[in-house]
Amino acid sequence: MRLMVSGGGTGGHIYPALAVINELKRQDPDAEVLYVGSHRGIESTIVPKQGIAFEAMTIQGFKRSLSLENFKTVYLFLKAVHEAKKLVRQFKPDVVLGTGGYVSGAVLYAAAKLHVPTVIHEQNSVVGMTNKFLSRYVDKIAINFEAARSQFPENKVVMTGNPRAQEVANIESHFSLTTLGLKDDVPTVLVVGGSQGALKLNQVMVESLTTLAKRPYQVVFVTGPKRYDSVMAKVAATEESDNISIQSYISNMPEVLPKMAGVVGRSGATTLAELTALGVPSILIPSPYVTADHQTKNAQSLVKANAALMIRESDLTATTLTAAIDQLMTDDNTRAAMAAAAKKTWQTPRSDRDVGVIKIS
């Protein structure tokens, strides 16, 4: 089996792709995999560390307003398509999988034009621009939410769920919080604004650290690699505490999450897949910078199931954040009920959990 994979920009695109690669390698250790990403995306760091062959190209997204930069975007896309065709001819994949991000648009389009079987995976209920464009050219479309079905050609769609959820659900974690300078026997909350961090959440967390340092629970605060130095510069004068650990990035998140009593973070589809598969209660802060505000819709689905709390970014302050974390972390019964509700959300048999099998002739 020779599989070419492309997806980048965010962890929501990268980790489902890695989950598929890991499962393929489990079933077929001799399978050959090539991952194609962008130079600027975090996949250029994450993927090679997994021992996966990686090729990078230069590409960028469209500006939503009128901008001369869009002419450069078109040029880079056409150049990337040309490069992608070369890679496809050289690697000779049996199938090409795209999981989202601008780079996958060029790679999947190139593969389709060369008549190589192609599949895209849409993680969200609201379809992204790249996958909407590719839906006209690819052979099959895998979805995670039933709501996405009507946004694609019906004859191409297969409900598969999110491969990341199954991957984390099956992991037996041996992770110790002592590696982060914390204790294993104290309830711990993870605060993370996605794979690249979130500016507003980081700012509010910096303001909250003095208060959180006095709490009976522990806090792991992940800033994002590019924001770590600026955060640390601001907290340098803060009194050190043995119940708070500040990290730039956590690469082994599937092993860390099962050890968390709660999570504060964004509400992208892959994040929710992880939280519900593991049954982790959460405080969700939807990103306001996504298509059709789909992260708010994602978060509301868990709030209605009593599996999560939600704070809109416009309402996010040190006061609202610490109050929500206290509500979650100081009441064992509340956490237990939310954890059970989260797990039930993932386990409940319904139309968008009836996993299908993709067949490409």
Side-chain angles (χ1 to χ4, degrees), residues 1-9 13-39 41 43-44 47-48 50-59 61 73-123 127-144 148 151-160 162-163 356-361:
M1 178 69 176
R2 299 179 69 80
L3 174 67
M4 179 179 283
V5 179
S6 184
H13 295 146
I14 300 164
Y15 292 116
L18 292 178
V20 172
I21 293 170
N22 290 338
E23 178 61 18
L24 173 62
K25 284 290 191 178
R26 187 188 70 81
Q27 294 188 26
D28 180 5
D30 295 325
E32 296 289 332
V33 178
L34 176 64
Y35 197 115
V36 184
S38 68
H39 287 288
E43 64 273 14
S44 64
V47 175
Q50 303 298 313
I52 298 168
F54 182 81
E55 293 284 346
M57 55 182 60
T58 301
I59 198 164
T73 299
V74 172
Y75 166 75
L76 289 175
F77 176 79
L78 294 176
K79 182 181 178 183
V81 170
H82 180 69
E83 293 175 2
K85 285 184 176 179
K86 283 186 177 180
L87 289 174
V88 171
R89 291 189 180 104
Q90 291 170 2
F91 185 68
K92 297 181 174 59
D94 296 301
V95 180
V96 180
L97 167 67
T99 56
Y102 297 115
V103 66
S104 73
V107 174
L108 272 289
Y109 179 77
K113 288 298 180 180
L114 292 175
H115 307 292
V116 176
T118 49
V119 181
I120 55 175
H121 182 261
E122 176 57 60
Q123 300 89 31
V127 176
M129 183 172 66
T130 299
N131 280 350
K132 191 168 290 186
F133 162 73
L134 289 173
S135 65
R136 291 171 286 177
Y137 305 101
V138 299
D139 296 292
K140 292 293 181 180
I141 301 167
I143 61 174
N144 182 43
Q151 301 168 62
F152 288 125
E154 172 64 26
N155 64 319
K156 295 183 178 183
V157 176
V158 179
M159 169 58 68
T160 63
N162 192 317
V357 177
I358 294 178
K359 297 180 180 179
I360 301 178
S361 57

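The model shown is predicted, which means the values in this text are computed figures rather than measured ones.
Listed by chain and residue number, Glu167 satisfy the side chain to side chain donor-acceptor pair (under 3.5 Å) test with Asn22 (two or more places apart in sequence, or in another chain). For the side-chain contact (heavy atoms from CB on, under 4.5 Å) test, residues two or more places apart in sequence or in another chain that qualify with Pro48 are Phe54. Legend: residues meeting side chain to side chain donor-acceptor pair (under 3.5 Å) with Thr130, ordered by chain and number and at least two apart, are absent. Considering only residues two or more places apart in sequence or on other chains, Tyr15 meets the ring pair (Phe, Tyr, Trp, His ring centres under 6.0 Å) condition with none of them.
Using modelled atom types, one side-chain atom of Gln151 and one backbone atom of Val127 make a donor-acceptor pair closer than 3.5 Å.
Between Lys156 and Tyr137, the shortest heavy-atom distance links the atoms NZ-N, 3.9 Å. In plain terms, the two heavy atoms of Val5 and Ala17 that are nearest each other are CG1-CB, 3.6 Å. A pairwise comparison of heavy atoms in Thr118 and Ala112 identifies CG2-N, 3.9 Å as the closest pair. Nearest heavy-atom pair, Ser104 versus Ser6, reported as atom, atom and distance to 0.1 Å: CA-OG, 3.2 Å. The shortest heavy-atom contact between Ile143 and Met159 is O-SD, 3.3 Å. The two residues Ser135 and Ile141 come nearest to each other via the heavy atoms CB-CD1, 3.8 Å.
Residues Ser38 and Met57 fail the side-chain proximity criterion, which asks for heavy atoms closer than 4.5 Å. Looking at Ile52 and Ile21, their side chains come closer than 4.5 Å, going by heavy atoms from C-beta outward. Between Asn144 and Thr160 there is no side-chain heavy-atom pair separated by less than 4.5 Å. By the 4.5 Å heavy-atom criterion applied to side chains, Phe152 and Glu122 are counted as neighbours. No side-chain heavy atom of Tyr102 sits less than 4.5 Å from a side-chain heavy atom of Leu76.
The OG atom of Ser44 sits 12.5 Å away from the CD atom of Glu55 when rounded to the nearest 0.5 Å.
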Which pairs of donor and acceptor atoms, one on a side chain in residues 78-101, lie under 3.5 Å apart (sequence neighbours left out)?
residue, atom, partner, partner atom, Å
Lys92, NZ, Arg89, O, 3.2
Asp94, OD2, Arg2, N, 2.7
Thr99, OG1, His13, O, 2.7

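Ring centroid separation for the pair Tyr109 and Phe133 comes in under the 6.0 Å cut-off.
Each of Leu134, Val116, Val119, Asn131 was checked for a side-chain contact (heavy atoms from CB on, under 4.5 Å) with Leu108, and the lone residue meeting it is Leu134.
Residue pairs meeting the salt bridge (charged side-chain N to carboxylate O under 4.0 Å, His left out) criterion with at least one partner in residues 24-39, sequence neighbours excluded, are Glu23-Arg26.
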